[in-house]
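Proteins come first, then strands; the chains are lettered A, B, ... in the order of their sequence lines, and each starts at number 1. In what follows, every heavy atom counts, from backbone to side chain, and hydrogens, waters and symmetry copies are set aside.
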Amino acid sequence: MLGLAGLLLLQGDHLMSHHIFKNKPMAAEPLAPSQGGPLSGFNGPTSGSRWGASRPDYGRQGGGGHTGGGWGGRGSGRGREREVNPFGNDADVDLEQSFDQENTGINFDAYEDIPVETSGENVPPPVNTFAEIDLGEAVNLNIRRCKYVKPTPVQRYAIPISLAGRDLMACAQTGSGKTAAFCFPIISGIMRGNFPQRPRGVRTVFPLALILSPTRELSMQIHEEAKKFSYQTGVRVVVAYGGAPINQQIRELERGVDILVATPGRLVDLLERAKVSLQLISYLALDEADRMLDMGFEPQIRRIVEQMDMPPPGERQTMLFSATFPREIQRLASDFLAHYIFLTVGRVGSSTDLIAQRVEFVHDGDKRSHLMDLLHAQMANGVHGKQSLTLVFVETKKGADALEHWLCINGFPATAIHGDRTQQEREQALRTFKRGDTPILVATDVAARGLDIPHVSHVVNFDLPNDIDDYVHRIGRTGRAGKTGLATAFFNDGNLSMAKPLADLMQEANQEVPEWLTRYASRSYGGRNRRAGAGRFGVRDFRRDSSYNRSGGGVNYYDGGNSSGGYGNYSGGAYGPGVTSAWD
DNA sequence: AAAAAAG
């Protein structure tokens, strides 16, 4: 390890003789403010210098070659195999069109009303268009290839914050466009930054950015997206997760990695094998942080972030994303972030129009035949096949297998995804489902959050979850990208604790609440699902409430200028199933 | 209680 560090320093010093060494995580002395870089930039103006200084250098040599960041570095002797085009063959179709002329049929108005609040010191103002953000030509091209027309609310706020080098605690739902929000600044920062030449000839790799996410499929999805965003930028993205052959992943890593997307368990494994060093991490993004803690990942995450060789807060840029903001996440935020900006994005109010929610009283023994009725009705309506997928959530892995089998022997092409299936089976299930070969997917909560599967027109809560947040996440798998969706829940005496939160949620979403459910709700069982003081945003910056903000600053806290307009129009719906976007 | 994630 010491030898490695020495080698690294040596190479770094060598590099410094030709280049401004802006980004030096290992340096003991603080960075000069004028050098900007992702590690400073806390005081507004310095962030500008970063751009100014790099601009002449920026643009690089067209495709692939670039200075500083990038996996090969200059003059790398490594063969540069052709980068697979993640957009397919028609990548450059429509590139002539300008941003504002494109129309992909997405219901953009759905995003106008979403309330956004920021707090913290010197919050950079939000942008309204991608054109206002200087992400660079290559990334701009990819934004257009992705057919992104304008930034989602979380992107409008988070990207400028991140580009200014600030740490970010963002409370946003899946589907709000988070992935792009943290990927764009990371990619652009890596392209522009000058990073030390990474040592070659050693078996350890030194990524510059790390993105952690709770499930393997989510990591895969982030990887897919990040590859699109970084196409032809020379920035290399590699994914590592469990259940897949580690040696293959190690080989991928050894071919070079700038951005590493990983699940915590596999990353710890790679770190223990010294295949990966976090010494040069300049950007750290934790996605679905609350989910990761729910899953008991806190020890692994703390191990990765605090007990390995990652630069401390302030020397790296950290972005923490979480749908909720309970105490444990607040602790994580104060431990992992430095002078962070707090950003909270309300749920998409208008998307309540996009998901029709139904609840039916079904005894456990009747669920199968009831599901069959639903599926038959769906087929009678001619909605099946690729354009209309049905996602059925169940409580247990065993239940998932059983239901899948039962559907299959009854002539319904179904597959299943859960944690007891092999990774191969899981990926295969997702593939055949997406393709429409098996238009019915039976899933446990492994598929509840974050997964973006186009054309899911019906989510069936065969077994209701015990947590209303999980319900919101599940039904959010439909009604995406401005399309309408249907969510059906089977309710019975086993779901009494869900009666009130479910009835409240549906009411707020302007859904018809069955009279029998209202009756159950009024009896108010259980208290676990109360969402205390959630209000319009569900969460608030806890620093406002306590003595945390000891500097007594807070001058700009809840600075009206940084809040989006349209609160007046926002029709409550704090728990609306705000999970629609074309952009996550 | 169940789910997820390292074998």
Given A:Leu260, which partner from the list A:Leu267, A:Ile211, A:Val205 fulfils the side-chain contact (heavy atoms from CB on, under 4.5 Å) test?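 With A:Leu260 as partner, side-chain contact (heavy atoms from CB on, under 4.5 Å) holds for just one option, A:Leu267.
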Run the side-chain hydrogen bond (donor to acceptor under 3.5 Å, both in side chains) test on A:Gln317 and A:Ser162 for me, step by step, so that the C-alpha distance in whole Å, both residues' side-chain angles and the decisive distance to 0.1 Å come before the verdict. CA-CA 8 Å; A:Gln317 196 179 331; A:Ser162 181; 3.2 Å; yes
Between atom [atom1] in [X] and atom [atom2] in [N], what is the gap in whole Å?
| X | N | atom1 | atom2 | answer |
| --- | --- | --- | --- | --- |
| A:Asp420 | B:dA3 | CG | C1' | 10 Å |
| A:Arg303 | B:dA5 | CZ | C1' | 15 Å |
| A:Asp470 | B:dA1 | CG | P | 18 Å |
| A:Asp445 | B:dA3 | CG | P | 9 Å |
| A:Gln300 | B:dA4 | CD | P | 16 Å |
| A:Ile417 | B:dA4 | CD1 | C1' | 12 Å |
| A:Tyr471 | B:dA3 | OH | C1' | 20 Å |
| A:His473 | B:dA2 | NE2 | P | 22 Å |

Would you tell me if any nitrogen or oxygen in the side chain of [X] comes within less than 4.0 Å of OP1 or OP2 on [N]?
| X | N | answer |
| --- | --- | --- |
| A:Lys397 | B:dA4 | yes |
| A:Arg426 | B:dA4 | no |
| A:Arg291 | B:dA4 | no |
| A:Thr263 | B:dA4 | no |

Closest to side chain of [X], choosing from [options]:
| X | options | answer |
| --- | --- | --- |
| A:Glu395 | B:dA2, B:dA3, B:dA6 | B:dA2 |
| A:Asn466 | B:dA4, B:dA6, B:dA1 | B:dA1 |
| A:Tyr241 | B:dA3, B:dA1, B:dA6 | B:dA6 |
| A:Thr396 | B:dA5, B:dA3, B:dA6 | B:dA3 |

Centroid separation A:Phe206 to A:Phe195 less than 6.0 Å: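 A:Phe206 vs A:Phe195: aromatic centres not under 6.0 Å.
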Is there a donor-acceptor contact under 3.5 Å from the side chain of A:Asp290 to the main chain of A:Ser322?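 Side chain of A:Asp290 to backbone of A:Ser322, a donor-acceptor pair under 3.5 Å: no, none is there.
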Residues A:Asp463, A:Lys367; criterion side-chain contact (heavy atoms from CB on, under 4.5 Å); working and verdict: CA-CA 9 Å; A:Asp463 301 319; A:Lys367 282 181 174 179; 2.9 Å; yes
